[in-house]
There are 2 protein chains.
Amino acid sequence: MAVRAPTVAGQARRDQILEASARLFSERGYHATSMREIGEATGMLAGSLYAHIDGKEDLLFGIVQRAAGAFLDRVKAVRDSEASAEEKLRRAMRAHVEVVAGDLEAARVFHHEWRALTGRRRTEVRKLRRRYEGLWDEIVRELPGATDPKAARLLVLSAANWTYTWYRPDGPMSPQQVADRFTDLLLEGLRGGG
Amino acid sequence: MAVRAPTVAGQARRDQILEASARLFSERGYHATSMREIGEATGMLAGSLYAHIDGKEDLLFGIVQRAAGAFLDRVKAVRDSEASAEEKLRRAMRAHVEVVAGDLEAARVFHHEWRALTGRRRTEVRKLRRRYEGLWDEIVRELPGATDPKAARLLVLSAANWTYTWYRPDGPMSPQQVADRFTDLLLEGLRGGG
DNA sequence: CCTACCGATCGGTAGG
DNA sequence: CCTACCGATCGGTAGG
């Protein structure tokens with residue numbers, strides 16, 4: 001039980017540890033990262049980390065939870081907005097790609113290191129992931145002429161979820177450009193009718 | 001240096017070890033799997049594995065190489081086939097989803113445990129992955145009216161590559177049905193024109 | 001946040 | 001393929 005009543009400075013230190021962990025977990029993976037490396041990246045010894053956190057898995061859970069919150073908040077706002085179904089799809093795609101681009105390391109940890117979680121934490125994250133898929137499902141179902149919404153949702157989410165593997169902030173396209181290009185292709189098709 | 005001139009039985013044993021490793025690596029991840037667990041899954045002690053393999057990373061490399069070969073062979077055949085561009089896209093998507101469905105565990109290891117590889121092996125796998133993307137690029141570029149082939153290829157490959165995360169062989173759709181649905185949606189768009 | 005340390009487990013090897 | 005073992009490293013703790 002660490003940091004019961006977090007001070008301002010204590011919280012900042014914990015954020016710093018989370019950030020360093022996200023970087024290391026995304027680069028090498030959760031199990032390949034040692035507490036000693038996390039300590040080194042934050043300027044202290046491994047043992048000292050336990051004044052700020054409960055354990056290694058606590059770090060992973062914190063990163064994943066934070067990322068899930070970002071995705072959920074942004075897309076929930078889109079779902080609740082007043083706009084056409086196509087416009088909502090466009091906004092949701094923008095939101096997703098922006099969250100990914102805003103913190104690629106956290107996105108990578110969210111999308112595939114979460115599986116290293118165990119017990120309650122794993123169950124909790126699974127719930128958050130399902131909730132996120134549910135939001136996209138609602139948006140896609142609103143599209144006019146959606147004959148197979150489940151397949152459509154899978155296709156749309158595939159495009160969104162895969163971005164963390166290839167998007168580079170120093171590349172030629174902004175997050176919004178990527179999102180808009182994908183949305184156009186998804187709506188109009190590769191045949192380019194429309 | 002193990003198995004220089006593999007006997008028939010020796011090769012079968014090595015295959016068995018690879019299969020067990022693929023299952024464990026896909027479930028828990030490469031670094032979270034111990035040689036003792038792999039030994040247990042193949043009915044021997046950890047030390048005895050080294051009569052068949054050179055090291056733990058050797059196992060990961062073997063699994064990834066084999067999976068890469070399956071994807072490459074199948075899609076290369078599609079690219080070289082005589083068919084319209086749209087038909088090639090359909091066949092490539094079928095091939096990919098069939099390979100994924102045919103060995104979900106290997107597909108998972110291929111898609112994301114490969115990052116645990118180091119040095120030459122990592123470089124080699126990167127090369128194979130790029131070659132695979134190149135094949136898809138060729139297929140997508142043949143599509144009539146392909147205004148932005150790079151975005152189109154990314155979208156198509158996102159749909160294909162994400163399947164390993166959600167496809168279940170005991171689910172309602174066959175690999176071919178999944179592939180065809182995706183191909184239809186990709187070509188015609190969510191607006192359902194056509 | 002450090003010193004000093006714990007038991008457990010890791011990948012791998014020698015010798016048979 | 002087993003017995004017996006190696007040094008290294010792991011996550012974490014007690015006490016200050």
Novice: So, applying salt bridge (Lys or Arg N to Asp or Glu O under 4.0 Å) with Arg66(A), which one of Asp15(A), Asp103(A), Asp73(A) is it?
Specialist: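 For Arg66(A), the salt bridge (Lys or Arg N to Asp or Glu O under 4.0 Å) test succeeds with only one of Asp15(A), Asp103(A), Asp73(A), which is Asp15(A).
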
Novice: Checking ring-ring contact (aromatic ring centres under 6.0 Å, His included) against Phe110(B), which of Phe71(B), Phe61(B), Tyr164(B) comes through?
Specialist: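 Single pass found, and it is Phe71(B).
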
Novice: Arg91(A) and Glu82(A): which non-hydrogen atoms are nearest, and at how many Å?
Specialist: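 Closest approach of Arg91(A) to Glu82(A): NH1-O, 4.2 Å.
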
Novice: Hey, is Arg36(B) close enough to Glu40(B) for a salt bridge, meaning N to O under 4.0 Å?
Specialist: no

Novice: Salt bridge or not for Arg108(A) and Glu105(A), using N-O below 4.0 Å?
Specialist: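 Between Glu105(A) and Arg108(A) there is no salt bridge, as every charged N stays at least 4.0 Å from the carboxylate O atoms.
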
Novice: Between dC2(D), dC2(C), dC1(C), spot the one nearest the side chain of His52(A), thanks.
Specialist: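 When the side chain of His52(A) is considered, dC1(C) is the closest of dC2(D), dC2(C), dC1(C).
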
Novice: For Leu104(A) and Arg168(A), which heavy atoms make the closest approach, and how far apart are they?
Specialist: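 Closest pair (atom of Leu104(A), atom of Arg168(A), distance): CD1-NH1, 4.2 Å.
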
Novice: Tell me the interatomic distance from Ile17(A), atom CD1, to dC1(C), atom C1', rounded to whole angstroms.
Specialist: 11 Å

Novice: Using Watson-Crick pairs (N1 to N3, plus N6-O4 or O6-N4) and G-U wobble pairs, both distances under 3.5 Å, which stems of at least 3 pairs involve DNA chain C?
Specialist: C:1-16 with D:1-16

Novice: Can you build the contact string for nucleotides 9-16 of chain C? Use B for base contact, S for sugar-phosphate-only contact, and - for no protein heavy atom under 4.0 Å.
Specialist: -BBBB---

Novice: I'd like to know if Arg23(B) pairs up with Glu19(B) as an ion pair, taking the criterion as any Lys NZ or Arg NE/NH1/NH2 lying under 4.0 Å from an Asp or Glu carboxylate oxygen.
Specialist: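 A salt bridge is absent here (no side-chain N lies under 4.0 Å from a carboxylate O).
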
Novice: Starting from C1' on dC1(C), measure out to CD on Gln16(A) and report it in whole angstrom.
Specialist: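 For the pair Gln16(A) CD and dC1(C) C1', the rounded distance is 13 Å.
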
Novice: Regarding Lys150(A) and Asp137(A), does a basic nitrogen lie under 4.0 Å from an acidic carboxylate oxygen?
Specialist: no

